[in-house]
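A quick write-up on the structure given underneath.
Hydrogens, waters and symmetry mates play no part in the numbers below; they use all other heavy atoms, side chains included.
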Amino acid sequence: QLTVVESGGGLVQPGKSLRLSCVASGFSLDDYAIGWFRQAPGKEREAVSCISYIGMTVNYPDSVMGRFRISRDRGKNTAYLQMNSLRLEDTGVYYCAARRSICSESGAYDTWGQGTQVTVSS
């Protein structure tokens with residue numbers, strides 16, 4: 001059974017940092033891409049970042065460029081989303097998802113985690 005489990009969310013003040021983790025089970029990150037998505041209250045889910053099976057990375061919204069960084073530890077079969085200089089508008093539920101090989105739009109991912117809440121508030 002293929003699963004991904006997120007952790008690392010929480011309540012932080014603006015300007016602070018969080019690191020989210022996505023632990024993969026039942027498959028290898030050497031074969032799968034991991035995407036990070038987020039959904040703010042009342043808004044549609046949006047893609048945040050992705051790392052492909054060969055380690056190529058993509059950041060989607062301009063708003064996270066230079067602040068968020070995706071990475072992975074192949075030995076731990078875990079992907080990470082380092083989020084720095086957090087803003088109020090980064091608040092939402094963050095999900096990781098997996099699909100074979102390369103990054104794609106959200107509908108192409110077939111394994112999703114339960115999500116982890118990130119709240120940025122002063």
Side-chain angles (χ1 to χ4, degrees):
Q1 184 179 2
L2 281 62
T3 64
V4 290
V5 179
E6 309 94 336
S7 63
L11 172 64
V12 294
Q13 294 179 329
K16 300 297 186 181
S17 298
L18 278 176
R19 188 179 77 160
L20 305 183
S21 299
C22 173
V23 179
S25 297
F27 64 96
S28 171
L29 296 187
D30 289 342
D31 301 316
Y32 280 72
I34 294 291
W36 282 100
F37 300 83
R38 67 184 180 186
Q39 188 165 21
K43 295 187 177 181
E44 293 187 355
R45 184 173 59 196
E46 69 170 343
V48 175
S49 191
C50 179
I51 185 164
S52 74
Y53 75 114
I54 56 172
M56 291 184 64
T57 64
V58 182
N59 277 342
Y60 292 101
D62 290 342
S63 62
V64 308
M65 293 293 289
R67 299 190 300 122
F68 289 13
R69 186 174 67 89
I70 191 170
S71 63
R72 65 181 183 177
D73 184 327
R74 294 161 67 190
K76 295 182 178 179
N77 216 34
T78 299
Y80 302 97
L81 185 67
Q82 178 68 42
M83 306 187 295
N84 300 324
S85 302
L86 283 162
R87 303 171 181 172
L88 298 178
E89 56 266 35
D90 294 320
T91 293
V93 180
Y94 284 69
Y95 300 89
C96 71
R99 69 179 303 272
R100 278 199 174 271
S101 301
I102 62 175
C103 300
S104 186
E105 49 85 21
S106 63
Y109 290 79
D110 44 29
T111 301
W112 288 81
Q114 80 289 351
T116 185
Q117 176 71 45
V118 172
T119 302
V120 185
S121 175
S122 55

Note to self: Please give me the minimum heavy-atom distance between Thr78 and Lys76, naming the atom from each residue.
What the structure shows: OG1-O, 2.8 Å
Note to self: So for atom CG, which belongs to Asp31, do other residues, nucleotides or ligands contribute more than 12 heavy atoms lying within a distance under 6.0 Å?
What the structure shows: yes
Check: Is Val4 linked to Leu81 within one hydrophobic cluster, defined over Ile, Leu, Val, Met, Phe, Trp and Tyr using a side-chain heavy-atom separation of less than 4.5 Å?
Finding: yes
Check: At their closest point, which heavy atom of Ser52 faces which heavy atom of Ala33, and how far apart are they?
Finding: CA-CB, 3.8 Å
Check: Quick one: do Trp36 and Phe27 end up in the same hydrophobic cluster if we chain Ile, Leu, Val, Met, Phe, Trp and Tyr together by side-chain heavy atoms under 4.5 Å apart?
Finding: yes
Note to self: Any non-hydrogen side-chain atom of Ile34 less than 4.5 Å from a side-chain atom of Arg72?
What the structure shows: no
Check: Is there a side-chain contact between Glu6 and Tyr94 (heavy atoms, below 4.5 Å)?
Finding: no
Notebook entry, point to check: What distance separates Gln82 CD from Ser71 OG, expressed to the nearest 0.5 Å?
Noted result: 8.0 Å
Check: Under a 4.5 Å side-chain heavy-atom rule over Ile, Leu, Val, Met, Phe, Trp and Tyr, are Leu20 and Ile70 clustered together?
Finding: yes
Item checked: OG on Ser121 to CG on Leu86, rounded to 0.5 Å -> 12.0 Å
Notebook entry, point to check: For Glu105, does the CD atom sit with more than 12 other heavy atoms under 6.0 Å from it, leaving out its own atoms?
Noted result: yes
Next item on the list: Using the rule that two of Ile, Leu, Val, Met, Phe, Trp, Tyr join whenever any of their side-chain heavy atoms come within less than 4.5 Å, decide whether Val120 and Leu11 are in one cluster.
Entry: no
Item checked: Between Glu89 and Thr91: side-chain donor-acceptor atoms closer than 3.5 Å -> no
Margin query: Salt bridge or not between Arg67 and Asp90? Use side-chain N to carboxylate O under 4.0 Å.
Written below: yes
Check: How are the rings of Phe37 and Tyr109 set to each other: parallel, tilted or perpendicular (split at 30° and 60°)?
Finding: perpendicular
Item checked: Backbone of Ala108 reached by a side-chain donor or acceptor of Ser104 within 3.5 Å -> no
Check: In terms of side-chain heavy atoms, does Ser49 have a donor or acceptor partner in Asn59 at a distance below 3.5 Å?
Finding: yes
Checklist line | Main-chain N/O of Gly9 paired with Thr116 side-chain donor or acceptor, under 3.5 Å | finding: yes
Next item on the list: Just do the side chain to side chain donor-acceptor pair (under 3.5 Å) check on Gln1 and Thr3 with the steps written out, would you?
Entry: CA-CA 6 Å; Gln1 184 179 2; Thr3 64; over 6 Å; no
Next item on the list: State, with a plain yes or no, whether a side-chain heavy atom of Glu46 is found less than 4.5 Å away from one of Arg38.
Entry: yes
Next item on the list: Apply side chain to side chain contact (heavy atoms under 4.5 Å, CB included) to Ser63 and Arg87, showing your working.
Entry: CA-CA 10 Å; Ser63 62; Arg87 303 171 181 172; 4.2 Å; yes
Next item on the list: Indicate, with yes or no, if Ile51 and Phe68 share a hydrophobic cluster defined by side-chain heavy-atom contacts under 4.5 Å among Ile, Leu, Val, Met, Phe, Trp and Tyr.
Entry: yes
Notebook entry, point to check: Can you find a heavy atom in the side chain of Tyr60 that is under 4.5 Å from one in the side chain of Val48?
Noted result: no
Check: Okay, side chain of Asn77, backbone of Ala24: is any donor-acceptor separation there less than 3.5 Å?
Finding: yes
Notebook entry, point to check: Of the non-hydrogen atoms in Ser85 and Ser17, which two are nearest, and what is the gap between them?
Noted result: N-OG, 4.2 Å
Note to self: With heavy-atom distances below 4.5 Å as the criterion, would you say the side chains of Ser122 and Gln13 are in contact?
What the structure shows: no
Check: Would Arg19 and Tyr80 count as having a side-chain donor-acceptor pair, cut-off 3.5 Å?
Finding: no
Item checked: Trp112 vs Ser106 side-chain heavy atoms within contact, under 4.5 Å -> yes
Note to self: To the nearest 0.5 Å, what is the distance between OG1 on Thr111 and CG on Leu2?
What the structure shows: 5.0 Å
Note to self: If you define the side chain from C-beta out and look only at heavy atoms, does anything of Leu88 sit under 4.5 Å from Pro14?
What the structure shows: yes
Margin query: Is any side-chain heavy atom of Tyr32 closer than 4.5 Å to one of Tyr53?
Written below: no
Next item on the list: Quick one: pull up CD in Gln114 and SG in Cys96 and give me the separation to the nearest 0.5 Å.
Entry: 8.0 Å
